[in-house]
2 protein chains.
Amino acid sequence: MKKSLADKIEQYLKVLIERSENNEIEIQRAELAETFACVPSQITYVIGTRFNETVGYYTESRRGGKGFVRITRIDDAQVRAGISRKDFFDFIDQLLERQLVTENESRLLKYLAVNGFREIPSELQNQLFSKLKCCLEDFVQLP
Amino acid sequence: MKKSLADKIEQYLKVLIERSENNEIEIQRAELAETFACVPSQITYVIGTRFNETVGYYTESRRGGKGFVRITRIDDAQVRAGISRKDFFDFIDQLLERQLVTENESRLLKYLAVNGFREIPSELQNQLFSKLKCCLEDFVQLP
DNA sequence: AAACAAAAGGTCAAAGAAGGTCAAGGAGTG
DNA sequence: CACTCCTTGACCTTCTTTGACCTTTTGTTT
């Protein structure tokens with residue numbers, strides 16, 4: 001089997017993650033594309049297919065000046081530890097899109113999540129987010 | 001992560017706040033802009049995006065001679081004592097009466113308070129209730 | 001006191017700098 | 001050949017940076 005460009009990029013990133021402390025790397029999409037002499041969206045493709053949640057990674061990114069893509073490999077310990085605030089926010093956004101909560105409710109929930117849980121150890125915070133997510137799931141389906 | 005100018009200014013301000021007693025700093029916008037060799041509105045931008053209420057800060061300022069920008073990190077030390085779930089529920093009922101939250105929002109909040117905080121040590125639970133109460137107080141008065 | 005001048009900070013929109021999406025076409029593989 | 005996966009590029013969205021112009025406060029002059 002011949003290695004595709006996507007395969008090479010995948011391997012390259014995995015090596016970087018392997019070498020990293022903390023299972024996490026940050027790249028510039030455009031820069032990496034330059035390295036492999038391909039279009040930037042190729043990088044997006046690799047990340048989307050080889051580093052998504054169902055394969056045990058999760059990614060964040062920021063656009064604009066000095067943007068980045070962060071890839072984190074999640075180990076079991078982290079999985080047990082619950083979900084991040086970002087996940088929680090994403091979940092709320094989904095509820096909003098599906099019109100299961102109102103605009104105001106979503107703002108309220110986010111506001112509380114940010115300000116109400118400050119100074120709580122972060123593992124506990126993540127457990128809370130995780131539980132709240134479950135509760136919300138239940139709540140929005142109540143009669 | 002390659003830090004953007006906004007990131008650097010953010011970090012700088014956070015260090016200042018960290019070092020301050022009382023979680024509060026006062027800066028001169030123009031002076032800080034000079035320090036970072038940027039336009040003053042850049043400072044406004046950083047403050048608006050990184051130190052707003054939804055992230056747990058609030059700011060005041062004054063124009064004209066002897067002007068300033070004051071950034072305060074919302075402190076929750078007073079909250080440690082905590083309040084009971086009953087108090088929290090009563091509080092929500094008050095909000096409902098004053099029509100500051102909707103019927104559905106109040107049910108949502110109570111639902112989460114009961115089901116989301118199971119299996120959490122009760123002192124911590126009370127702290128959470130207390131914090132949430134404060135946050136709610138703030139939230140319902142936002143513009 | 002009124003009028004002006006100077007010294008802050010605020011607003012807003014445009015330009016720039018990333019990353020994201022999506023669909024069409026190409027390359028491998030059974 | 002058919003199917004799936006890969007590659008590319010045009011176009012979109014988000015975040016940052018900059019600058020021109022505005023408003024508020026204080027200080028100075030008449």
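FYI, side chains are in, hydrogens and waters are out, and symmetry mates aren't considered; it's all heavy atoms of this structure. To find a chain, count down the sequence lines: A is the first, B the second, and so on, and within it residues start at 1.
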Mind calculating the distance between [atom1] ([X]) and [atom2] ([N]) to the nearest angstrom?
X: B:Phe68; N: D:dT26; atom1: CZ; atom2: C1'; value: 14 Å
X: A:Gln42; N: D:dA10; atom1: CD; atom2: P; value: 16 Å
X: A:Asn52; N: D:dC5; atom1: CG; atom2: P; value: 13 Å
X: A:Arg29; N: D:dG9; atom1: CZ; atom2: P; value: 13 Å
X: A:Gln28; N: D:dT14; atom1: CD; atom2: C1'; value: 15 Å
X: B:Glu34; N: D:dT18; atom1: CD; atom2: C1'; value: 16 Å
X: B:Lys2; N: D:dT16; atom1: NZ; atom2: P; value: 16 Å

For [X], report the nucleic acid contact type (base, sugar-phosphate, nothing); a contact means any heavy atom under 4.0 Å.
X: A:Ser4; result: sugar-phosphate
X: B:Gly67; result: sugar-phosphate
X: A:Arg62; result: sugar-phosphate

What are the two closest non-hydrogen atoms of [X] and [Y], and how far apart are they?
X: B:Ala113; Y: B:Phe129; value: CB-CE2, 3.7 Å
X: A:Leu112; Y: B:Cys135; value: CD2-CB, 3.4 Å
X: A:Gln42; Y: A:Ala6; value: OE1-CB, 4.5 Å

Distance-only donor-acceptor test, A:Arg63 side-chain atoms vs D:dT13 base atoms, 3.5 Å: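 Checked by distance alone, the answer is yes.
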
Presence of salt bridge, A:Lys110 and A:Asp93, under 4.0 angstrom: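 A:Lys110 and A:Asp93: salt-bridged.
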
Ion pair B:Lys14/B:Glu18, N-O distance below 4.0 Å: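 No, B:Lys14 and B:Glu18 are not salt-bridged.
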
Closest to the A:Ala6 side chain, choosing from D:dT7, D:dT18, D:dT17: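 The closest nucleotide is D:dT7.
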
Nearest to side-chain heavy atoms of B:Leu5, which nucleotide of D:dT7, D:dG19, D:dT17: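 Looking only at heavy atoms from C-beta outward on B:Leu5, the closest nucleotide is D:dT17.
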
B:Glu26 atom CD, neighbour heavy-atom count above 12 within 6.0 Å: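 For B:Glu26, atom CD is crowded (more than 12 foreign heavy atoms under 6.0 Å).
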
For chain B, the stretch of DNA chain C it reaches, first to last nucleotide, under 4.0 Å of its heavy atoms: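 Going 5' to 3' along DNA chain C, contacts run C:dA7 to C:dT11.
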
Atom pair OG/CG of A:Ser106 and A:Leu100 - distance to nearest 0.5 Å: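 These two atoms lie 12.0 Å from each other.
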
A:Asn52 and A:Thr54: side chain donor to acceptor below 3.5 Å: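 There is such a pair between these side chains.
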
Interface residues of residues 43-51 of chain A with DNA chain D (non-hydrogen, below 4.0 angstrom):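 A:Tyr45, A:Arg50 - these, ordered by number, are the residues of the stretch whose heavy atoms sit under 4.0 Å from the strand.
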
Side-chain (B:Ser4) to main-chain (B:Asp7) donor-acceptor, under 3.5 angstrom: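 Judged by distance alone, yes, a pair lies under 3.5 Å.
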
